[in-house]
Structures are given as C-alpha cells and as structure tokens.
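Residue numbers start at 1 and run along the sequence shown. One-based numbering, in listed order, for ligands and for the atoms of each.
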Amino acid sequence: MENTKELRTWLDDFNLNHPLVIAGPCSAETEEQVLNIAHQLKDTDATVLRAGIWKPRTRPGNFEGVGALGLKWLQKAKQETGMLTATEVANKDHVKLALEHDIDILWIGARTTVSPFIIQEIADALNGTDKIVLVKNPVNPDLPLWLGAIERLYTANIKKLGVIHRGFSTYEKTRYRNNPEWQIPIELQNRFPDLPLICDPSHIAGRRDIISDICQTALDLNFDGLMVETHYDPDNAWSDAKQQITPATLIQMMIDLKVRKATDTEADYRNALNTLRTQIDVVDHQLIEMLGKRMKVADSIGELKKDKNVAILQTKRWNEILGKMILEGNERGLSEEFILKIFKAIHQESINHQEKIINS
Ligand code: PEP
Ligand code: MN
C-alpha cells in the first residue's frame, strides 16, 4: 500500500464535524426492532446503522443471526431514515447477498480476520465493487495478520478501507472482555496515518459502564470514529446484552465526550501533545500491570523459599539480573544509572513481598 491518502477519501466525503459514529444492535432481531432503533438514531451523530445478520458465536447454541431476511430490514431502515447501513460478512455468499441488498459498509469480524483463506475469498468476491470495507482486528494481538487482511483487500482493488479496533482475547480474565492493547492500534496508526481507524468500545468492554471511558481514550488517541452497539432494550437483546446501550445513552455520550479538533496551529500542537500523553498513559498503565505481575511471581518464590527454609537474598542471582538488565537497557538507550535505580527499587519491593510471605 503506497498511496494511502486515497484510503480515507470515503470518510472525508462524509464531511462530518464530529467522529464517524456507527451505531445499532449487535444483531438484527426483528423488522420492528431494526426500524425502531434506526428511527431513534436518525438525526443524531450516527451516520451508519449497524446490525449483525450472521453472528459468529464462539460456542454453538447461542443466537446465530436471522440470516438474509434481515438484509431487507436494513434496506427498509435505510429507505425510511436515510442512514447508511453496515453488516458483517464472513464468506463470499454473505458478500453476494449484502451486495444484492445494497448494504453500504461491510465489516469483517475478528474471527474472520484471522484466516487469510477467508479474507482472500471475501476480497475476490468484492473485486470490482466500490464498497466501503472495515476490517476488525483479529482476535489475537497480531498486527501483521491485521495488516495482511487490509493488503489482500487493497490488492483486490478495494480502496475504501478502514479498520476497527475491538480488543484482543486473553486467557486471563481482565476488566475488559477483550483487552484493548492500545499500543497495537497506535502502531498501526503510525504506519498508516491515513487509514481510517474506528474503535468498537462495546466488544472491548463487554459491559456498559466503561464504554464512554474507552471512547474517550480512543478519541484522545486520534481515532476517526466509533462503532457502538445500541439497542432500545439492551437487557433483552438476543446477543451481547450486557454491552449494549440505548440510543438516548449514545446521544448523551456523544455530547459528553471531548472531541479535539485541530483548527489552528495552536490546536494542532495541543492535539499532538494530547495524543502523545495518552500514549504515555497507556504505557504507564502497562508498566504497573507488569510490575504487579512481577511481584506475584516474587510471592510464589517467597512461598518456595519458606517451604525450603532458604534465605531471601540470593546475591549471585541478583547480580546476574542486574548485569543483564544493564545490557538490555543500553540497547534501548537507557542509562546504567537509571537501570540501577529502577531495579534496586524493584528488587527492594520483591524482598518486601517475600519477607511478608516468609513471616506470615
Ligand atoms: C459484532 O460486531 O457484533 C461482532 C461479532 O464483533 P467481533 O467480530 O468484534 O467479535
Ligand atoms: Mn456483538
């Protein structure tokens, strides 16, 4: 991908003075539900109505979508409200049906982006059309795999492209349903600054209460838009009930979110500074998480030493660690003095943790 400027013309053509908002239910359930939600979203910041028609469920037995029938409901919603429509496609048959029903934006789900075969199949089915295609990140935190999907579409002459960040699965349970790993979309943005970047806070959060925080972080990181699952009766949604919000909540959230617009050089400067500060916040948060993990390991070592009745301080091991870290730090432009200070502090905290365990 060379001339990446063209990738965002579709977005610029919307001429919005706010981030692009894609909203609508996780799944289309009934015609009445789709139309009701569409009418509530009409004349709000939401430009695009989303609804899943074919739902990729991790385990069988959950609602798997209404199928092609729902495409007619989306068409009707578009007719009645003038909103653009978006749905997920996961194979060439989906693409064919979505094209036949004049769906404006097709997105590729996280479980599909992981498979180069299916991405290629979808890319071939789309060749020669001028659809907008948004690619969700793969479920695993793998930037080349994500970019590979974009490249396959680009090579198949699809030039109206964008990406959706929906977080990454983890085995460990965290506060998120899918860990944001913000450094990955940040790196993608550094490599392809013109590729429209949209955040899906709903699948990152998995719960309602942290959606607006996630949106704010995304906007602070200069994301171009938001895709938010929206339902008139979230608790009774047929899929992803916990993470959907009402249209009214979405409207209020868009009022409350701080959107920074670069209007002059001063604003430009503040914008750039804020983006970098948010990147620092992301890394600081990771540092604390890593330190917490390190101390948990130290606790386990404490338990072992207690069982074996071994002394806490093992000078030889400590000197080895220090030597290695000074070398690694050097490679990353960190001074020896700094590494010594940091690791002395970390070591002290480990000893404190182990002492607590041994004396308990
Ligand atoms: C969805 O958008 O409803 C969906 C299934 O998303 P993902 O592919 O991110 O899990
Ligand atoms: Mn969903």
Side-chain angles (χ1 to χ4, degrees), residues 20-29 33-34 37 41 46 48-67 70-71 74 84-91 94-95 98 103-115 118-119 122 132-142 145-146 149-150 153 162-170 176-181 184-185 188 197-208 210-211 214-215 218 223 225-246 250:
L20 174 70
V21 178
I22 303 171
C26 175
S27 305
E29 298 165 3
Q33 174 242 20
V34 171
I37 295 169
L41 290 171
V48 184
L49 175 70
R50 67 150 278 157
I53 299 292
W54 301 282
K55 300 304 297 178
R57 308 317 302 184
T58 299
R59 309 204 37 203
N62 293 316
F63 176 56
E64 304 211 324
V66 292
L71 295 169
L74 280 173
L84 299 181
T85 52
T87 201
E88 172 174 348
V89 290
N91 61 40
H94 295 166
V95 170
I103 301 295
D104 301 289
I105 299 181
L106 311 182
W107 85 79
I108 294 175
R111 292 163 194 75
T112 305
T113 309
V114 289
S115 165
I118 304 200
I119 293 292
I122 293 172
I132 299 168
V133 181
L134 304 177
V135 182
K136 287 198 168 196
N137 62 261
V139 282
N140 50 322
D142 185 338
L145 193 56
W146 197 1
I150 293 288
L153 291 160
V163 289
I164 302 175
H165 169 227
R166 49 78 80 194
F168 301 90
S169 10
T170 48
Y176 302 102
R177 175 177 174 192
N178 290 295
N179 209 357
E181 313 257 18
I184 295 179
L188 183 139
L197 176 57
I198 292 161
C199 178
D200 169 348
S202 312
H203 290 89
I204 292 176
R207 47 190 252 215
R208 253 159 250 155
I210 55 174
I211 286 181
I214 296 169
C215 289
F223 276 54
L226 303 167
M227 183 198 246
V228 187
E229 287 190 339
T230 315
H231 195 292
Y232 63 78
D233 184 8
D235 283 333
N236 290 306
W238 297 4
S239 59
D240 289 352
K242 286 204 190 90
Q243 70 194 33
Q244 304 207 51
I245 58 175
T246 62
L250 175 71

Heteroatom proximity flag, [X] to ligand 1, N/O under 3.5 Å:
{"X": "R111", "value": "yes"}
{"X": "G109", "value": "no"}
{"X": "E229", "value": "yes"}

Sub-4.0 Å atoms of ligand 1 with respect to non-hydrogen atoms of [X]:
{"X": "K55", "answer": "1 (C), 3 (O), 5 (C)"}
{"X": "R50", "answer": "1 (C), 2 (O), 3 (O)"}
{"X": "C26", "answer": "3 (O)"}
{"X": "E88", "answer": "4 (C), 5 (C)"}

Which value, rounded to the nearest 0.5 Å, describes the distance between [X] atom [atom1] and [Y] atom [atom2]?
{"X": "L106", "Y": "H94", "atom1": "CG", "atom2": "NE2", "result": "11.5 Å"}
{"X": "I210", "Y": "R177", "atom1": "CD1", "atom2": "CZ", "result": "12.0 Å"}
{"X": "I53", "Y": "E64", "atom1": "CD1", "atom2": "CD", "result": "14.5 Å"}
{"X": "S169", "Y": "N140", "atom1": "OG", "atom2": "CG", "result": "7.5 Å"}

Item to complete: Scan side-chain atoms only and decide if H203 and D240 contain a donor-acceptor pair under the 3.5 Å cut-off.
Response: yes
Worksheet item: Can you tell me if G52 has a non-hydrogen atom under 4.0 Å from ligand 1?
Response: no
Worksheet item: Should R50 and E229 count as an ion pair when the cut-off is N to O under 4.0 Å?
Response: yes
Worksheet item: Does the pair I22 and L134 meet the rule for a side-chain contact (heavy atoms from CB on, under 4.5 Å), with working shown?
Response: CA-CA 11 Å; I22 303 171; L134 304 177; 3.7 Å; yes
Fill in: Top protein contact for atom 4 (C) of ligand 1, by heavy-atom distance
H203 NE2, 3.5 Å
Response to the item:
The protein heavy atom nearest to atom 8 (O) of ligand 1 is A110 N, 2.8 Å
Fill in: Of the listed options R166, K136, M227, closest to atom 6 (O) of ligand 1 (non-hydrogen atoms)
K136
Practice prompt. Give every protein N, O or S atom lying under 2.8 Å from the Mn ion (ligand 2), naming each by residue and atom.
Written response: C26 SG, H203 NE2, E229 OE2, D240 OD2
Item to complete: With the side chain counted from C-beta on, respond yes when H231 and E29 share a heavy-atom pair under 4.5 Å apart, and no when they do not.
Response: yes
Worksheet item: Can you list the residues that meet the side-chain contact (heavy atoms from CB on, under 4.5 Å) rule with S27, with sequence neighbours excluded?
Response: K55, F63, S239
Item to complete: Check step by step if side-chain contact (heavy atoms from CB on, under 4.5 Å) holds for V133 and I108.
Response: CA-CA 8 Å; V133 181; I108 294 175; 4.0 Å; yes
Worksheet item: Within the distance-only criterion (no hydrogens, no angle test), does the side chain of T113 pair as donor or acceptor with the backbone N or O of W146 below 3.5 angstrom?
Response: no
